[in-house]
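The structure appears below as structure tokens.
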Amino acid sequence: MSNYQTYEGMFNAQGLRFAIVCARFNDIFVSQLRDGAIDQLCRHGAKLDDIAVAWVPGSYEIPLVAQKMADSGKYDAIICLGVVIQGSTTHASHINAEVSKNLAQISLSRNLPVIHGVVATENIEQAIERCGSKAGNRGASAAASAIEMANLMKKLP
């Protein structure tokens, strides 16, 4: 096998700055995601002074604020957190699709990790599972992705 260069991110948040954008809709769940994200960041060396949290009305509004924070140039990664629970209409599916598409576009256009931590569930029980019970905390896993990606971006040529 020939020699090749490998690039990987580290799980060290020390010296990195993070923005967290949280949806207030379903905030009983989103607060748990936020707490999980902050805990994960701090466990890996981030200081609370290096973390900014912005609250928006709902998940649909997350991309606009994520874009504004990305444009500031102050952050190494942006973590986006929300909970969208499917109801009897397709409204949740439309929100989820637009949020996913727009967060990806912001990340690509700004060359900045914008981490999708918006939980999409079919019911409240699934939301409970993904926000800190048996399925873990999606906020913590989004923060882990943010740490790794922020470090990886600094290593890439």
Side-chain angles (χ1 to χ4, degrees), residues 8-87 91-93 95-107 110 112-154:
E8 293 184 87
M10 306 176 304
F11 287 103
N12 181 359
Q14 203 166 18
L16 298 175
R17 294 188 44 85
F18 299 92
I20 303 174
V21 183
C22 297
R24 190 171 288 110
F25 198 81
N26 288 323
D27 72 333
I28 189 166
F29 299 119
V30 180
S31 293
Q32 292 175 311
L33 296 175
R34 178 213 50 213
D35 292 348
I38 292 172
D39 180 64
Q40 182 81 299
L41 294 172
C42 291
R43 284 178 187 264
H44 287 89
K47 295 182 178 158
L48 288 176
D49 290 343
D50 294 328
I51 302 169
V53 178
W55 286 90
V56 299
S59 292
Y60 191 81
E61 291 78 25
I62 289 173
L64 177 62
V65 174
Q67 179 174 277
K68 178 81 171 170
M69 295 181 106
D71 288 344
S72 76
K74 294 180 182 179
Y75 306 104
D76 296 295
I78 299 170
I79 303 164
C80 301
L81 304 174
V83 175
V84 180
I85 302 171
Q86 183 66 49
H91 182 71
S93 297
I95 291 172
N96 292 329
E98 289 302 309
V99 170
S100 295
K101 177 180 72 176
N102 289 321
L103 293 181
Q105 180 58 42
I106 295 163
S107 186
R110 304 314 189 279
L112 180 75
V114 178
I115 308 302
H116 186 300
V118 177
V119 175
T121 70
E122 295 175 2
N123 53 52
I124 290 174
E125 292 76 21
Q126 289 177 351
I128 292 168
E129 289 175 4
R130 287 165 177 77
C131 295
S133 71
K134 67 182 179 182
N137 184 306
R138 180 67 184 119
S141 60
S145 294
I147 295 167
E148 183 176 0
M149 287 299 296
N151 281 298
L152 177 59
M153 295 301 289
K154 289 183 179 293

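Given the structure is predicted, the values throughout are model-derived calculations rather than measurements. In this chain, numbering begins with 1 at the start of the sequence shown. The analysis underlying the following values was restricted to heavy atoms, covering all of them including side chains, and did not include hydrogens, waters or symmetry mates.
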| field | From I79, V21, I38, residue fulfilling side-chain contact (heavy atoms from CB on, under 4.5 Å) relative to V53 | value | I38

| field | Q67 (side chain) donor-acceptor with L64 (main chain) under 3.5 angstrom | value | no

| note | Heavy-atom nearest pair, L33 first then R130, reads CD2-O, 3.9 Å

| request: Evaluate the criterion side-chain contact (heavy atoms from CB on, under 4.5 Å) for residue pair I147 and F18; output intermediate values, then yes/no. | output: CA-CA 9 Å; I147 295 167; F18 299 92; 4.0 Å; yes

| Roughly how far, to the nearest 0.5 Å, is the CG atom of L112 from the CE atom of M69? | 11.0 Å

| query | Can you tell if the side chain of N137 reaches within under 4.5 Å of the side chain of Q40, non-hydrogen atoms only? | reply | no

| query | Does S141 use its side chain to pair, donor to acceptor, with the backbone of R138 at less than 3.5 Å? | reply | yes

| request: Decide yes or no for R43 and D39: does some side-chain heavy atom of the first lie under 4.5 Å from some side-chain heavy atom of the second? | output: yes

| message | Return the CD1 to CH2 distance between I62 and W55, rounded to the nearest 0.5 Å. | response | 9.5 Å

| query | Between S107 and L103, is there a donor-acceptor pair closer than 3.5 Å when you use the side chain of the first and the backbone of the second? | reply | no

| Could you state the interatomic distance from CG (D76) to CE (M153), rounded to the nearest 0.5 Å? | 10.5 Å

| remark: Taking every heavy atom of F29 against every heavy atom of V83, the minimum-distance pair comes out as CB-CG2, 3.6 Å

| field | Within-4.5 Å side-chain heavy-atom neighbours: N151 and F11 | value | no

| message | Counting only heavy atoms not in L152 (residues, nucleotides, ligands), do more than 12 fall under 6.0 Å from its CG? | response | yes

| task | Report, as yes or no, whether the 6.0 Å neighbourhood of atom CD on Q14 holds more than 12 heavy atoms from other residues, nucleotides or ligands. | result | no

| message | In the structure I gave you, are the side-chain heavy atoms of S59 and N26 within less than 4.5 Å of one another anywhere? | response | no

| query | So do V30 and F25 actually touch side chain to side chain, heavy atoms under 4.5 Å? | reply | no

| note | Tightest non-hydrogen contact, residues Q86 and A92, listed as OE1-CB, 3.5 Å

| Quick one: CG on N102 to CD on E61, what's the gap to the nearest 0.5 Å? | 11.5 Å

| task | Would you check if P113 and Y75 make a side-chain contact, meaning some heavy-atom pair closer than 4.5 Å? | result | no

| said: Give me the atom names and distance for the closest heavy-atom approach of I51 to A46. | reply: CD1-CB, 4.4 Å

| request: Provide the closest heavy-atom pair for H116 versus V99 in the form atom of the first, atom of the second, distance. | output: NE2-CG1, 4.4 Å

| task | Please report the closest heavy-atom contact between A70 and I106, naming both atoms and the distance. | result | CB-CG2, 4.2 Å

| request: Just do the salt bridge (charged side-chain N to carboxylate O under 4.0 Å, His left out) check on R17 and D50 with the steps written out, would you? | output: CA-CA 5 Å; R17 294 188 44 85; D50 294 328; 3.6 Å; yes

| task | Would you check, one step at a time, whether the test side-chain contact (heavy atoms from CB on, under 4.5 Å) holds for I78 with R110? | result | CA-CA 11 Å; I78 299 170; R110 304 314 189 279; over 6 Å; no

| request: Give me the one residue out of V65, I20, V114, I115 that meets side-chain contact (heavy atoms from CB on, under 4.5 Å) with C80. | output: V114

